[in-house]
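For reference, the structure discussed in these notes is given below.
All values reported here derive from a predicted model rather than from experimental measurement.
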Amino acid sequence: MCLVTGATGYIGGRLVPQLLAAGYRVRCLARTPVKLRDQPWADRAEVVAGDVTDEASVAAAAEGADVAYYLVHSLGSGRDFEATDRRAARIFGERARAAGVRRIVYLGGLTPHGVPRRELSPHLRSRAEVGEVLLASGVPTTVLRAAVIIGSGSASFEMLRYLTERLPVMVTPSWVRTRVQPVAVRDVLRLLVGSAAMPADVSRAFDVGGPDVLTYRDLMRRYAAVAGLPKRLIVPVPVLTPRLSSLWIGLVTPVPAGVARPLAESLRHEVVCHEHDIEAYVPDPPGGPVGVDRALTLALRRVREAQVDTRWSSAAVPGAPSDPLPTDPDWAGGSLYTDRRQAVVDASPQALWRVIEGIGGEHGWYSLGVAWVVRGLVDRLFGGVGLRRGRRDAHRLRVGDSLDFWRVEEIERGRLLRLRAEMRLPGLAWLEMCVDRDSEGRTRYRQRAVFLPRGLLGHAYWWGVAPFHAAVFGGMARNIARAAARSAEQEKTGGAGG
């Protein structure tokens, strides 16, 4: 049996079905198991609640496991994230050894050859240290060190895609001259699955990369060619530090500065494989690993066909609120502000639900579009995710999906959608949209915005934006009702005409 941590993340969410297809039984350790409830493979895997920093939950999850995948890190959780990563890796290794796990598999980052540890970015330094802690655990360990991962929805691919598509002329940081060795996500998954069967006497790190070595500038030009874009003019300048680079990336792409910074910092040094020893234990497929052009083509096709299984935003944004909505009627945790709206809808509950489940992304938020855009820009200026994350799927949501600057906390299909805010706020916020029928049997839309303030600033924030609620939330309720009625009328007209 395989234990998988990080199953709510980009790689973990794709690894689980691959392991199941290979015939393994899978157990997932997740802080919030409900996030995995709507995964297509949820009924075929065991999901247990726990955290890698909690010894008891790790011990319970590791019991009976043969292989344990470590796919988590605490980047962005605070200045002491390196200490948190170190402690979590130590706990995981100790509990895995005590449970008799025969192999740990860890996906880390490719570190530049010959660069002193102190000169590495905190992100790469921590990833390297985690690998060393796991290798010293006493459990045979496979550490896969990958650089830029190319796949639909990966942070690296999204950064590359939006930079190239939105900027025909780019003044770029000097790191665009850095040589990198990208690897296709399907090769990463193949190696992760294959590592489960490594001999017991193998315990080491392996460099992981694709067949192409090129500069980041060349990578952008290759993307432009694959996407059918005109040739891009790229002008590197030396003045953009990693911090400024991350802000620039955050402004142009959906990737927030907090996620972009470690990506930019990791490109300060050349990240190229110095060995391909993994092939001795997990043979290359016929034709070899996937090349850059094919990896970009496959990723772009899945984006355009809306077949993205997981995205970089599948994992919760570091520092974003994670507390569930305090729904207990006699909750006594302090002030809880609410804004309630409702409307009778001249459409079936099914038509109304389609509008609700399609909200956000390209469809927008059905009220004062400028206000939502401005709020998204303000959020990005303060290091938040803004509105550019969009949706994983244009029509269907599942628990755990990111939705612009919200996260799907609960969904009862056909009845309830609850979103939790991941924007920068002095408190916690939720938005609920419900479908039901009133006493006369008519379709009814109910909407509730909830805000739990944090300190005096939180109270001031609520009352400061309260004058705009009628336009934003009231307009939202009215326009969702109208959109559902319009959709129902179009279906009726189309059906009559057919």
Side-chain angles (χ1 to χ4, degrees), residues 34-35 37-40 42-43 306 324-331 336-369 371-372 391-401 403-404 406-421 428-452 462 466 468-498:
V34 70
K35 287 184 178 181
R37 187 190 66 195
D38 294 332
Q39 291 284 355
D43 60 343
L325 176 62
T327 52
D328 192 337
D330 58 358
W331 181 74
L336 195 66
Y337 294 116
T338 61
D339 180 280
R340 300 175 187 272
R341 310 279 169 170
Q342 68 177 38
V344 172
V345 184
D346 187 17
S348 68
Q350 294 76 19
L352 175 57
W353 177 254
R354 282 195 296 272
V355 173
I356 291 173
E357 193 171 6
I359 201 166
E362 296 298 322
H363 294 146
W365 292 88
Y366 292 94
S367 70
L368 277 184
W372 288 92
R391 299 171 54 108
R392 177 191 57 81
D393 185 291
H395 306 288
R396 194 169 177 84
L397 294 172
R398 62 192 185 201
V399 171
D401 272 359
L403 181 57
D404 292 330
W406 304 90
R407 173 86 52 187
V408 179
E409 181 176 275
E410 182 58 273
I411 184 167
E412 297 176 19
R413 213 160 301 282
R415 197 191 77 82
L416 167 72
L417 175 63
R418 180 187 301 141
L419 307 176
R420 187 184 71 245
L428 306 177
W430 295 264
L431 179 62
E432 281 187 344
M433 289 162 274
C434 299
V435 178
D436 64 11
R437 292 187 182 274
D438 65 12
S439 58
E440 299 177 25
R442 299 174 298 182
T443 301
R444 180 172 60 178
Y445 171 69
R446 290 188 296 114
Q447 175 183 296
R448 180 172 70 137
V450 180
F451 183 65
L452 174 61
W462 175 264
F468 302 99
H469 285 176
V472 175
F473 293 131
M476 185 178 180
R478 289 192 299 272
N479 290 330
I480 284 176
R482 289 169 183 164
R486 193 162 52 245
S487 174
E489 184 61 30
Q490 288 172 351
E491 285 185 7
K492 191 183 303 181
T493 304

Could you list the donor-acceptor pairs under 3.5 angstrom formed by side chains in residues 468-485, with sequence neighbours left out?
unit_1 : atom_1 : unit_2 : atom_2 : d
N479   : OD1    : R482   : NH1    : 3.3
N479   : ND2    : Y366   : O      : 2.6
N479   : ND2    : G475   : O      : 3.1

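For R418 and E410, the salt-bridge test fails: no basic side-chain N is under 4.0 Å from an acidic carboxylate O.
Contact of the L431 side chain with the W365 side chain is registered, since non-hydrogen atoms from C-beta on lie closer than 4.5 Å. For the pair D401/R396, no side-chain contact is recorded, criterion being any heavy-atom separation below 4.5 Å from C-beta on. Between V344 and E440 there is no side-chain heavy-atom pair separated by less than 4.5 Å. Residues W430 and E432 have side chains not in contact (no heavy-atom distance under 4.5 Å, counting atoms from C-beta outward).
With sequence neighbours excluded, the residues forming a side chain to side chain donor-acceptor pair (under 3.5 Å) with Q350 are S348, listed by chain and number.
Looking at R407, its side chain does come within 3.5 Å of a backbone N or O of G400 through a donor-acceptor pair. Side-chain atoms of T443 come within 3.5 Å of backbone atoms of A347 as a donor-acceptor pair (strictly under, hydrogens ignored). Using a distance-only test at 3.5 Å, with no hydrogens or angles considered, a donor-acceptor pair links the side chain of R413 to the main chain of L397.
In this structure, D436 CG and Q342 CD are separated by 8.0 Å, a value rounded to the nearest 0.5 Å.
For R444 against L352, the heavy-atom pair with the smallest separation is O-CD2, 3.8 Å.
Between H395 and H363, the angle of the ring planes lies from 30° to 60°, which puts this pair in the tilted group. Ring-plane geometry between F451 and W462 is classed as parallel, the angle between the planes falling under 30 degrees on a 0 to 90 degree scale with a further cut at 60.
The salt bridge (Lys or Arg N to Asp or Glu O under 4.0 Å) pairs that include a residue from residues 341-355 are D339-R341, R354-E491, where partners are two or more places apart or lie in different chains.
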